[in-house]
Structure formats: structure tokens, C-alpha cells
*Asks:* 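Take this structure first; my questions come after.
Sequential numbering from 1 along the given sequence is applied to the chain's residues.
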Amino acid sequence: MAGLSLLTAWASWGLLIAVLLVGPWTARARKSAPVNVVLRRRLGIAAASAGLLHAWLGTEHSMTRAYLDAVIRTSPAGDPGGARAVFGWGAALGAVAAVVVLVPLALSNDWSLRRLGPGRWKALQRLAWVYFALVTAHGVLFQVLERRPWPAAAAFAVLAGTPLLARIRRRR
């Protein structure tokens, strides 16, 4: 189950990055940024679903006492409290992210768009950026906790920066 938890984590995060790249890509292609892009909505639903599945798998099957004990046993001598703190913060950020993503997921439908109007609907959909920040911070902490090899950390950093750079370039 730990492998499936990791798979759903990366799948969700990758889909979320794609969601955040659709806006700048669409704006560049059309010279304007439409409120609703069907591809972005579908990718967002898939990202949120995979993220919630990851949260469930991580909580129920992977984040067991045995996992925590193994992480603490392998931490550097004299720093078991540091591993506990990293684990605690990582788990807390993941839990908050799982709650935050429920809002854009629940509103990813035409009825909500009509009911809220384009401005309010889009403002609430921008919670995807908050979700991205939480999930990325959660991922960084678990990369550190599980001592992922540097190529994985480098790939993580490049992927994390991609939607931010696209957003900055779009604003110019």
C-alpha cells in the first residue's frame, strides 16, 4: 500500500501542476484568459480525486506506527525529535490540503459557475494555488523525512517551480 500511496501522491501533484499550467498556456494561445476551461476542470477533478485517495491511503495504510518508528530509528543520532516534528508538520499540511481541495472540487461544475457568477467562482477556484502550496510543502517535508535521493529532490524542485514561472511569465 505504501507504493500506491506514493503513486497517488505523485499523480495528484503532477495533475495539479498541469491544472496550473493550463491557464497560462490557454491565455497565451488565445490572448485572453477564459474563466472556465473544460480541460483544466477535468484535470482538476482528477488531481483532487488522486490527492484525496492519497490522503486516505497515507492515513489508513502507510502512516502507521511502524512507519514512524522506522523513520525515527533511521534519523541521525540525537535527533529523533526532529524526525517527529517533520513528520507532524508534513502530516498536518497534508490534512489541511485535503480539506482545502474540497472547495474547488465541490465547485467544479456548471451549476456552481452559474450560481456564483464568473468572478466569485474563479476566486474560489484559485484555492488551487493554496492547495499547490500546501501539497508542495507537504511533499518537501516527506522528501526530507524519507531521505529521497538528490535526483528525486531536484525533479521535485523543477516541477514545483514550473507553474510559478509560467504564472510570472503570463503576467508580463
*Asks:* Is Trp89 linked to Val144 within one hydrophobic cluster, defined over Ile, Leu, Val, Met, Phe, Trp and Tyr using a side-chain heavy-atom separation of less than 4.5 Å?
*Replies:* no

*Asks:* Partners of Arg115 by salt bridge (Lys or Arg N to Asp or Glu O under 4.0 Å), sequence neighbours excluded?
*Replies:*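 Arg115 satisfies salt bridge (Lys or Arg N to Asp or Glu O under 4.0 Å) with no other residue.
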
*Asks:* Taking distance alone, no hydrogens or angles, what donor-acceptor pairs closer than 3.5 Å link side-chain atoms of residues 91-113 to residues at least two apart or in another chain?
*Replies:*
from	atom 1	to	atom 2	distance (Å)
Ser108	OG	Pro104	O	2.6
Asn109	OD1	Trp111	N	3.3
Asn109	OD1	Ser112	N	2.6
Asn109	OD1	Ser112	OG	2.8
Asn109	ND2	Ala106	O	2.9
Asn109	ND2	Ser112	OG	3.4
Asp110	OD1	Arg41	NH1	3.0
Asp110	OD1	Arg41	NH2	2.9

*Asks:* What distance do Arg126 atom CZ and Trp121 atom CH2 have between them, rounded to the nearest 0.5 Å?
*Replies:*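 So the gap between those two atoms works out to 10.5 Å.
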
*Asks:* Listing request: all salt bridge (Lys or Arg N to Asp or Glu O under 4.0 Å) pairs with a residue in residues 88-106, at least two apart in sequence or in separate chains.
*Replies:*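 Residue pairs with at least one partner in residues 88-106: there are none.
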
*Asks:* Listed by chain and number, what are the side-chain contact (heavy atoms from CB on, under 4.5 Å) partners of Trp129, not counting sequence neighbours?
*Replies:* Leu20, Phe132, Pro163, Leu164, Arg167

*Asks:* Quick one: side-chain hydrogen bond (donor to acceptor under 3.5 Å, both in side chains) pairs with a partner in residues 49-58, sequence neighbours left out?
*Replies:*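 Qualifying pairs: Ser5-His54.
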
*Asks:* Do Ser12 side-chain atoms and Ala50 backbone N/O form a donor-acceptor pair below 3.5 Å?
*Replies:*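 Not confirmed, Ser12 side chain does not pair with Ala50 backbone.
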
*Asks:* Look up atom CG in Leu16 and atom CG in Leu43, then write down how far apart they are to the nearest 0.5 Å.
*Replies:*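 That separation rounds to 10.0 Å.
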
*Asks:* For Arg148, which residues count as a side-chain contact (heavy atoms from CB on, under 4.5 Å) partner, sequence neighbours excluded?
*Replies:* Leu6, Gln143, Glu146, Ala152

*Asks:* Just to verify, what does Phe156 make a ring pair (Phe, Tyr, Trp, His ring centres under 6.0 Å) with, not counting sequence neighbours?
*Replies:*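 Per chain and number, Phe156 pairs via ring pair (Phe, Tyr, Trp, His ring centres under 6.0 Å) with Trp10, Trp13.
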
*Asks:* What residues form a side-chain contact (heavy atoms from CB on, under 4.5 Å) with Thr162, not counting sequence neighbours?
*Replies:*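 Leu21, Val158.
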
*Asks:* Which residues satisfy the side chain to side chain donor-acceptor pair (under 3.5 Å) test with His138, sequence neighbours excluded?
*Replies:* none

